[in-house]
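A short worksheet on the structure shown next.
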Amino acid sequence: MSSSLMKEWLASSHLAGVNASYVEELYEQYLLDAEAIEPSWRSMFEQLTPPTDSPQEQPHSRVRDYFRRLAKETTFAHHTEVTDPDVEAKHIRVQQLINAYRIRGHQRAKLDPLGLLQPADVADLSLTYHNLTEEDLAIAFPVPSLVKDEQKLTLQEIIAILENVYCGAIGAEYMHITDTEEKAWIQQRLEAERGVSQFTPEQKLTFLEELTAAEGLERYLGAKFPGAKRFSLEGGDALIPMVKELVRRAGEQGTREIVIGMAHRGRLNMLVNVLGKKPTDLFDEFAGKHEDTWGTGDVKYHQGFSADFATPGGDVHLALAFNPSHLEIVNPVVMGSVRARQDRLGDKEGRSVLPITIHGDSAVAGQGVVAETFNMSQARGYRVGGTVRIVVNNQIGFTTSNPRDTRSTQYCTDIAKMVQAPIFHVNADDPEAVAFVTQVAIDYRNTFGRDVVIDLVCYRRHGHNEADEPNATQPLMYQKIKQHPTPRKLYADVLIEQEICDIEKATELVNGYRDALDSGECVVKEWRPMKMHSVDWQPYVGHDWEVPWQSQFAQNRLIELGKKLCQFPESHQLQSRVQKLYQDRQSMLEGTKAYDWGMAELLAYATILDEGSRVRITGQDSGRGTFFHRHAVLHNQADASIYIPLTHLHNGQGHFQVFDSVLSEEAVLAFEYGYATTEPRGLTVWEAQFGDFANGAQVVIDQFISSGEQKWGRLCGLTMLLPHGYEGQGPEHSSARLERYLQLCAEQNIQVVVPSTPAQIYHLLRQQVFRPMRRPLIVMSPKSLLRHPQCISSLEDLSQGQFQPAIAEIDDLEPSAVKRVVFCSGKVYYDLLEQRRKNQQNDVAIVRIEQLYPFPKAQVEAAIAPYAHVRDYVWCQEEPQNQGAWYSSQHNFWSVLPAQSMLHYAGRPASASPAVGYMSVHMKQQKALVEAALTLDHGQEQ
């Protein structure tokens, strides 16, 4: 605030006469809690505090003298009178009381519909705490932050407003936010309503109708299918009008698509009463009927659904994400899907597509992926313009009724404070309060582009599922629940009392909804037939692994793209090692060096982009590559600016994104899965820093990547690059746990490869885009091979070759002299090749199996055909015997062997740990397994 503005404000305020004690007391409050001070005062104090000074060291005299001088000038100019110092002192105490309500009023709010959770006795909200008395209630005070005009209110009126706003059915937490504009916006929205409903009679009848539908479906299912699991919403019925109000409000503000993620509680209700799934289809699922679709299917409360929903601003496309029982894991999947849709629409602000995630109270506090997802919310590679997060807080986790057993915080939503999200607690038995905070929440999200949380405090009328007996562990709660009227009944009584509705109308709504369910047709009046959206998945449906694709690429064009990859501004000063890497790449294009892994990989991306397809790569070191091989992002050593050659190929190229991810595996991989299942056109890559680290995302691999197509029919072309290879770097930096992926292989669900040349990774990445099939690609990518002198490819290998699932012997051996054939994958091949050449052996052939699943039976048989006389076969691997491919793929190896053949194992002995931690032991083991594979009288027969 400028000096002139401050003078003007002082002239019209109670401070026109200088009051040093008031200013000093206010300044003391600023030092204790700057956020509790009026923004105008805080701004002034901040201006008077030099940036280098600690506020506590700032002399009070400077502040006091400044305001004395300013007030004196203002008083003289306006001839105002000096006010009573006692009144001035009380005014600051009143202001402190107002701020106390804003900060702590939520602790005294009436949030629990059952009344079991008694509001806290908050000392800060008492008169005595602020040295005020009952006699002060009749005194009028100017409160410009609470009343925008010059009107004064008595203390009694002030408290009444604050009680209605902050201690009624809504408990608002927003004073932890550091952004002054955001706090002021929320404060204005809450306090302007004075805690009194502003809804029209028509809107109120709509809320009653939606509560009737929520209750009606649960009762209908309970009567029609008694004892069947449905994870009833009863007690949290207000979720249905809440979500519908979100959709309506978002549609009015320009949202065109909404993606919803939720667990099983209330999911069936959401499907029928929001998305418009036909009740008859749901009833068929309860009866065990289902369509004859390919795949294994899933239970009804995991199913997704899509529909269009009419709003005053136009139709909004709704998508409910498929979700396993792993609770919160769907949240980053939803965000990834939303980001893909926003990227498709060119929406950088996140206004066209809205994510809504619905949580359980115990899960939102207990599942680590929630914190990971919050942390991603404003990161460049993952932000979606804010997520509306709803917690269906039934105050009980499975059978745990004591919050001290489920969390260490007062509220289950305290995790949201890590990103300074506002949190609105609301009593689910007050549908108008629910609708109000819903409007505030979506308006906040669309104004500031940040996450917002609604804590819908409710209860669970039945057990965790309908076959559960909750009285066994929560007797007092369920005695209360049995006596408690339903939300629909409570609200109908309110509207009857207000003469907006009568008993006959309320009964008519109940009967009408039941009749609609009997008919089996859609019960959502806003439902509209779904229009064709911007991605057609049909070209990717029905293909198998052998579908042909054009792998060749013109050499001249490949060189042109390579030159573009090596160009950057002359002013862009590279680090010396990066400079040398780019000089080597230039030599590759000139034909004086062979192509290494990094160059082949970048050329694959360039050819994809050249044809107009997109590429998205994320991971903890994706810009440069963990092992310094990629350097797709060039950092200027002079000013830290960046240059990305892959974004400067030509004007018509596809969109290229590369992001160093947040330090997360679970949420980030789930995000990329959501992205890939929403946008099939192009390449989506997640790269683990080390392959072992993917175990932190195992739930995503198990529940989504490996089984999503079989359960839900969800096609996914996600590529996972997992650095793998035994270089003596210890247990956590060696194995990408190949065996885990092979164990998940069935029904042609994923592709698991261990490529051993630059050309192989080049063709794999191109194949993932240009082959019209969308299934996950799991790549055991190398570490030391990135710079291995033998791990190279020619320009012809790239331009004219194709991916080889199996690679036959490359040396000119006489087939009749061969007595043993060694199968292997990955880095160990080069160790075997080097040792065999050193030994000058010509009696052992080496065949690389590059694709372990789907197993390339025909290609392997062709590779060993010259050795039809051989009966001695070995599988050689670096991993311990109980890991790697030996146990999971042994049946495939046997399937290609001639009759009467023997199959031996050469590798590390079985181990509880993925690798040893001592280099000397590692080297000894490596030497032994290579020797065992090449020595004819060695190997363990199986």
Side-chain angles (χ1 to χ4, degrees), residues 1 5-6 8-16 19 22-23 25-26 29-30 33-45 83 87-110 122 124-127 129-177 179-198 422 424 433 436-437 439-440 443-444:
M1 185 182 292
L5 288 175
M6 177 59 81
E8 182 179 342
W9 186 81
L10 283 168
S12 62
S13 76
H14 59 288
L15 279 182
N19 190 315
Y22 167 69
V23 173
E25 201 168 347
L26 189 62
Q29 178 69 13
Y30 165 77
D33 183 6
E35 298 301 317
I37 298 300
E38 280 292 301
S40 57
W41 283 107
R42 182 168 63 252
S43 176
M44 179 58 67
F45 288 140
T83 55
V87 174
E88 299 296 350
K90 286 183 179 178
H91 180 273
I92 184 61
R93 293 172 193 145
V94 170
Q95 187 58 53
Q96 289 172 337
L97 176 63
I98 293 172
N99 282 325
Y101 269 94
R102 291 166 178 162
I103 296 169
R104 301 195 62 188
H106 59 88
Q107 292 179 283
R108 207 162 76 186
K110 303 170 186 64
V122 184
D124 302 39
L125 306 184
S126 67
L127 293 174
Y129 183 87
H130 298 281
N131 294 321
L132 296 168
T133 66
E134 296 287 338
E135 288 75 18
D136 296 323
L137 292 173
I139 300 176
F141 295 93
V143 280
S145 69
L146 200 59
V147 182
K148 293 304 177 185
D149 54 26
E150 297 185 8
Q151 174 187 357
K152 291 184 178 182
L153 296 176
T154 66
L155 180 55
Q156 186 167 351
E157 291 172 327
I158 293 169
I159 291 174
I161 291 173
L162 295 171
E163 284 285 333
N164 284 340
V165 172
Y166 293 107
C167 301
I170 299 170
E173 289 188 273
Y174 65 94
M175 292 297 281
H176 56 279
I177 299 173
D179 187 279
T180 301
E181 181 184 0
E182 291 182 32
K183 279 197 296 193
W185 186 95
I186 296 171
Q187 179 181 311
Q188 191 278 328
R189 284 295 301 271
L190 294 176
E191 294 176 3
E193 294 289 334
R194 295 290 192 264
V196 178
S197 168
Q198 304 297 320
F424 300 106
F436 172 68
V437 298
Q439 292 179 353
V440 174
D443 292 353
Y444 171 88

Would you give the length of the straight line joining atom [atom1] of [X] to atom [atom2] of [Y], rounded to the nearest 0.5 angstrom?
X      : Y      : atom1 : atom2 : value
Glu173 : Phe424 : CD    : CZ    : 10.5 Å
Leu153 : Ile161 : CG    : CD1   : 5.0 Å
Ile98  : Arg102 : CD1   : CZ    : 6.0 Å

Residue list, side-chain hydrogen bond (donor to acceptor under 3.5 Å, both in side chains) with [X], at least two apart or on another chain:
X      : answer
Glu134 : none
Tyr166 : Tyr174, Glu191
Lys110 : none

- request: Not counting sequence neighbours, which residues clear side chain to side chain contact (heavy atoms under 4.5 Å, CB included) with Gln188? List them please.
  value: Ala192

message: Is it true that, when you exclude Gln198 itself, more than 12 heavy atoms of the residues, nucleotides or ligands shown sit nearer than 6.0 Å to its CD?
response: yes

Indicate the atoms forming the closest heavy-atom contact of [X] with [Y], along with that distance.
X      : Y      : answer
Thr133 : Leu127 : O-CD1, 3.8 Å
Glu182 : Asp179 : N-OD1, 2.9 Å
Ala100 : His130 : CB-NE2, 4.0 Å

- request: Just jot down the salt bridge (charged side-chain N to carboxylate O under 4.0 Å, His left out) partners of Asp136, sequence neighbours excluded, or say none.
  value: Lys90

message: For the residue pair Gln107 / Arg104, report whether a side-chain donor-acceptor contact shorter than 3.5 Å exists.
response: yes

- prompt: Is it the case that Gln156 and Thr154 place a side-chain donor and acceptor less than 3.5 Å from each other?
  reply: no

task: Give every residue pair that meets the salt bridge (charged side-chain N to carboxylate O under 4.0 Å, His left out) criterion with at least one member in residues 155-164, sequence neighbours excluded.
output: Arg108-Glu163

- prompt: When you look at Leu190 and Trp185, which way does the side-chain contact (heavy atoms from CB on, under 4.5 Å) test go after all the steps?
  reply: CA-CA 9 Å; Leu190 294 176; Trp185 186 95; over 6 Å; no

